[in-house]
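Below, all heavy atoms of this structure are taken into account, side chains as well, without hydrogens, waters or symmetry copies.
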Amino acid sequence: MEVIVLGSGTNVPTERACAGYLVQTDVPIVMDMGHGTFSNLCKATDRSDIGTIIFSHPHVDHYGDFLAFFQNAVHESKEKRRKDLDIIAPKGMKGVI
């Protein structure tokens, strides 16, 4: 197992992407997906291999790039077979993302 930091910044704009981590396992897991992490994720692994996304809490610096990821996954699923995606989030976050 390997953990890759996709971002460790905050919602205040800097050179660092917001919070995000890639856990390389048989089926890669992403924990949080703040602003700037989607492009870092694409550099680190094949995004269609992601099997699970875990959100730690509903602050925008932890989910800001999810919409870009999700839109890409929907488009990608029309082009080729994409693995199922599990999304794990705290109670109350369903209305946020």
Side-chain angles (χ1 to χ4, degrees):
M1 177 173 67
E2 178 184 15
V3 176
I4 298 170
V5 177
L6 302 172
S8 62
T10 66
N11 213 24
V12 177
T14 67
E15 295 175 5
R16 294 181 352 216
C18 292
Y21 307 90
L22 171 64
V23 181
Q24 290 282 33
T25 63
D26 293 342
V27 179
I29 299 168
V30 173
M31 176 147 183
D32 290 329
M33 195 175 282
H35 299 294
T37 59
F38 183 52
S39 62
N40 292 341
L41 175 67
C42 293
K43 294 173 191 170
T45 193
D46 183 346
R47 62 192 175 272
S48 64
D49 288 341
I50 303 300
T52 302
I53 298 175
I54 301 169
F55 294 105
S56 62
H57 61 281
H59 289 168
V60 73
D61 58 324
H62 289 260
Y63 70 83
D65 266 11
F66 176 69
L67 184 57
F69 174 88
F70 186 75
Q71 184 177 13
N72 180 264
V74 169
H75 176 73
E76 187 176 61
S77 68
K78 293 176 184 176
E79 299 289 320
K80 63 180 180 178
R81 177 84 176 128
R82 189 187 192 299
K83 294 178 180 169
D84 289 340
L85 179 65
D86 293 318
I87 299 173
I88 301 168
K91 185 177 181 179
M93 200 164 168
K94 184 177 181 181
V96 175
I97 58 171

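Checked against side-chain contact (heavy atoms from CB on, under 4.5 Å), Thr10 has the following partners two or more places apart in sequence or in another chain: Val12.
Note on Met1: it clusters hydrophobically with Ile29, by side-chain heavy-atom contacts below 4.5 Å among ILVMFWY residues. Follow the hydrophobic side-chain contacts under 4.5 Å out from Val30 and you reach Phe70 in the same cluster.
Annotation for Gly36 and Asp65: closest pair N-OD2, 2.9 Å, computed over non-hydrogen atoms. For Thr37 against Cys18, the heavy-atom pair with the smallest separation is CG2-O, 3.2 Å.
Judged as a salt bridge (charged side-chain N to carboxylate O under 4.0 Å, His left out), not a single pair has a partner in residues 1-16 (not counting sequence neighbours). For residues 36-53, the salt bridge (charged side-chain N to carboxylate O under 4.0 Å, His left out) pairs, not counting sequence neighbours, are Asp49-Lys83.
One finds the OG atom of Ser48 at 11.0 Å from the CG atom of Leu85 (value rounded to the nearest 0.5 Å). From Tyr63, atom OH reaches atom CD1 of Ile87 across 14.0 Å, with rounding to the nearest 0.5 Å.
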Discussion item. Let's go through Asn11 and His35 carefully: what are the C-alpha distance in whole Å and the side-chain angles of both, what is the deciding distance for side chain to side chain contact (heavy atoms under 4.5 Å, CB included) to 0.1 Å, and is it a yes or a no?
Written reply: CA-CA 8 Å; Asn11 213 24; His35 299 294; 3.6 Å; yes
Worksheet entry | Pair Leu6-Met33, side chain to side chain contact (heavy atoms under 4.5 Å, CB included): steps then yes or no | CA-CA 8 Å; Leu6 302 172; Met33 195 175 282; over 6 Å; no
Show which side-chain atoms of residues 19-28 pair as donor or acceptor with protein atoms under 3.5 Å away, not counting sequence neighbours.
from, atom 1, to, atom 2, distance (Å)
Thr25, OG1, Val27, N, 3.4
Thr25, OG1, Val27, O, 2.6

What pairs of donor and acceptor atoms, side-chain ones from residues 51-61 against any protein atom, are under 3.5 angstrom apart with sequence neighbours left out?
from, atom 1, to, atom 2, distance (Å)
Ser56, OG, Asp32, OD1, 3.2
Ser56, OG, Asp32, OD2, 2.9
His57, NE2, His59, ND1, 3.1
His57, NE2, His62, NE2, 3.4

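Between Asp86 and Asp84 the shortest side-chain heavy-atom distance does not fall below 4.5 Å. Contact annotation: the side chain of Ile50 approaches that of Leu41 to within less than 4.5 Å [non-hydrogen atoms, C-beta and beyond].
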